[in-house]
Amino acid sequence: MTQTRSGPRFDDARRHVPQDVPAEPEEAAAPGRAPEPTLHDPCTEREQAGRRLPRGDDAPELDVFLTGQVFMDMIFTGLPGLPPPGTELVTDGLGSAPGGVANIAVAMSRLGLRVGLAAPFGDDLFGAYLWRTLSEQEGVDLRRSRMIPGWPSPVTVSLAYDSDRSMVTYAKPLPLPPDELVAVPPQAKTCFVDIGRPVPEWVTAMRRAGARVFADLGWDATGAWSAEVLDRLRYVDVFLPNAVEAMAYTRTGSPEEAARALAERVAVVVVKRGGDGALAIDSATGERAETRALPVEALDATGAGDVFAAGFVFGTLAGLPLDERLRFANLCAGLSVRHRSGSLGAPCWGEIAAFGESGEVPEEILADYAFVVPFIPASADDAVVRAEPTLRSHSGGRPLAVPSPTATRAATATRAATTTRATRAATTTATTRAETR
């Protein structure tokens, strides 16, 4: 690994990348036949990254398990504002992506974690897209999810303008609580839960079996900020609220005071402060850590908290000390806000590696993240799938074989082995720049 005055470089992990391989020509659909949508793994290195985590022969089948509701997110960007009544705005910015609980599920899977999700899906076209994207493209285990006959997929349309956004959501009542999908919880190292509602029995059962419980919560629209929510922390090992939520529930005047108050209730507390970074306390070890926000241009902070949580879960399972867990979570969240892509804005390892070569931040800041380098697979590239206007993803070459929704991660790994000319060219270019510095 090459050393510089600021320490190891992110791009050192990508020096030995296979040379360019010609891509096969793309085949057009036969006349009169609809084209077959193709899905491919946008993070071909996720399997390799996951194997770098300490996993014994008797490790559970999943790294993390969670439940929740998945939304069909349609994101319009580049708008000058909201359209006045009776008018129409035309924009060339539109993305589609799974939303809701999919934000954190995708973010964790892209880092290489084995993620299981129990969620209801509509039996319409949106539901099919959401299922296929999560299962086939993003490698999320949906064996405990269910298609609900006659139930329409919930949809959120987001109008992004002036660094802000307005949203419109259509959602019919859930036909059943997601927790009812979990008759018997799976074996997993961790689980993730929203303590804004009562903690389900499957969470306590998993904790008794040895799983570590991570939790966050949503905004309290009632403004009550009930202390009953904090009582649920007795079932939790790691709590990750944002600063506003933490101060409101603890009736304190600063994120620091809130963190100290919460540390009396839970082993590890992390308070996310948005543009001001984050702070954490491990009451079991006495460790305290604080990090500043990554100095990047933020286009869309939606879902950044979920990406942050995914990074913190990965760092915990990797056995990193508290300060490095915090910085890695901060890095992942900072990279995600540079895109208007919803869940598909979560970074892959290729983007993490490429960030070190981008020149966006000074090298003295990158030096704080040198501990990340050993986790970056040599094959990592930055050809990441983002939210696209149409409900499909393009492979950029010959359409790849699409397995059934029950495809395993082994099939995902096989599919990941096919890399297009453009992807390899981008990786080779980045590596060449790194070696000539």
Side-chain angles (χ1 to χ4, degrees), residues 41-56 59-68 70 98 101-119 133-145 185-193 203 206 210-216 237-238 240 268 270 303-320 324-326 328-333 335-336 343-353 372 374-377 379-380 384-385 407-413 416:
D41 189 344
C43 302
T44 58
E45 69 279 3
R46 74 174 87 208
E47 291 284 340
Q48 298 175 48
R51 287 196 294 269
R52 300 191 180 198
L53 293 174
R55 293 171 177 159
E61 60 176 332
L62 297 174
D63 293 313
V64 61
F65 177 71
L66 67 163
T67 64
V70 179
V101 71
N103 289 331
I104 190 168
V106 169
M108 291 189 292
S109 181
R110 286 191 168 191
L111 293 176
L113 298 179
R114 300 168 302 180
V115 181
L117 171 64
T133 299
L134 290 174
S135 177
E136 298 170 20
Q137 177 177 295
E138 299 298 338
V140 176
D141 185 334
L142 298 182
R143 283 179 291 175
R144 289 169 178 81
S145 293
Q187 292 184 337
K189 288 186 175 182
T190 69
C191 61
F192 208 97
V193 63
V203 173
M206 290 186 68
R212 191 175 307 186
V213 180
F214 289 73
D216 64 3
D237 299 295
V238 183
L240 303 107
V268 177
V270 181
D306 292 325
V307 177
F308 181 100
F312 199 84
V313 171
F314 181 93
T316 301
L317 293 179
L320 298 178
E324 292 184 357
R325 276 179 272 165
L326 197 64
F328 182 67
N330 184 67
L331 172 65
C332 293
L335 294 179
S336 74
S343 63
L344 302 187
C348 296
W349 283 101
E351 183 176 1
I352 294 173
V372 175
F375 293 98
I376 301 176
S379 62
V384 181
V385 172
T408 63
R409 281 187 170 270
T412 301

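Numbering starts at 1 and runs along the sequence shown. Values in this document were obtained by computation on a predicted structure and should not be read as measured data.
When all heavy atoms of Ile352 and Pro347 are compared, the closest pair comes out as CG1-CB, 4.3 Å. Counting all heavy atoms, side chain and backbone alike, Ala105 lies closest to Val140 at O-CG2, 4.1 Å. Here the closest non-hydrogen pair linking Lys189 and Pro54 is NZ-O, 3.0 Å. For Gly50 against Arg55, the heavy-atom pair with the smallest separation is O-NH1, 3.1 Å. Among all heavy-atom pairs drawn from Ile376 and Ala353, the shortest one is CG2-CB, 3.8 Å. Counting all heavy atoms, side chain and backbone alike, Leu240 lies closest to Ala309 at CD2-CA, 4.3 Å.
Using a distance-only test at 3.5 Å, with no hydrogens or angles considered, a donor-acceptor pair links the side chain of Ser145 to the main chain of Leu117. With Arg325 contributing its side chain and Leu320 its backbone, the two residues share a donor-acceptor pair below 3.5 Å. Judged purely by atom type and a 3.5 angstrom limit, Arg212 has no side-chain atom pairing as donor or acceptor with the backbone of Val238. The backbone N or O of Val115 sits nowhere less than 3.5 Å from a side-chain atom of Ser109 that would complete a donor-acceptor pair.
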Between Leu113 and Leu53, is a side-chain contact (heavy atoms from CB on, under 4.5 Å) present by the stated rule, with each step listed?
CA-CA 9 Å; Leu113 298 179; Leu53 293 174; 3.5 Å; yes
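For the atom pair Met108 CE and Asn103 CG, the distance stands at 11.0 Å (nearest 0.5 Å).
Between Phe328 and Phe375, the gap from one ring centroid to the other reaches at least 6.0 Å.
Using a 4.5 Å cut-off on side-chain heavy atoms (C-beta onward), Leu326 and Phe308 make contact. When side chains are defined from C-beta on, Phe65 does not count as touching Asp141, because their heavy atoms never get closer than 4.5 Å. At a threshold of 4.5 Å between non-hydrogen side-chain atoms, the residues Leu111 and Trp349 count as touching. Val313 is not listed as a side-chain neighbour of Asp63, based on a closest heavy-atom distance of 4.5 Å or more. In this structure, the side chains of Pro377 and Arg51 stay at 4.5 Å or more apart for every pair of heavy atoms. Counting only heavy atoms from C-beta outward, the side chains of Val106 and Asp306 never approach each other to under 4.5 Å. Counting only heavy atoms from C-beta outward, the side chains of Arg52 and Pro374 never approach each other to under 4.5 Å.
Other residues, nucleotides and ligands place no more than 12 heavy atoms under 6.0 Å from the CD atom of Gln187.
Paired with Cys43 under the rule side-chain contact (heavy atoms from CB on, under 4.5 Å), one option of Glu351, Gln137, Arg110 passes, and it is Arg110. Checked against Val64 for a side-chain contact (heavy atoms from CB on, under 4.5 Å), the options Ile104, Thr190, Leu317 give a single hit: Thr190.
Partners of Arg144 under the salt bridge (Lys or Arg N to Asp or Glu O under 4.0 Å) rule, at least two apart in sequence or in another chain, are Glu61.
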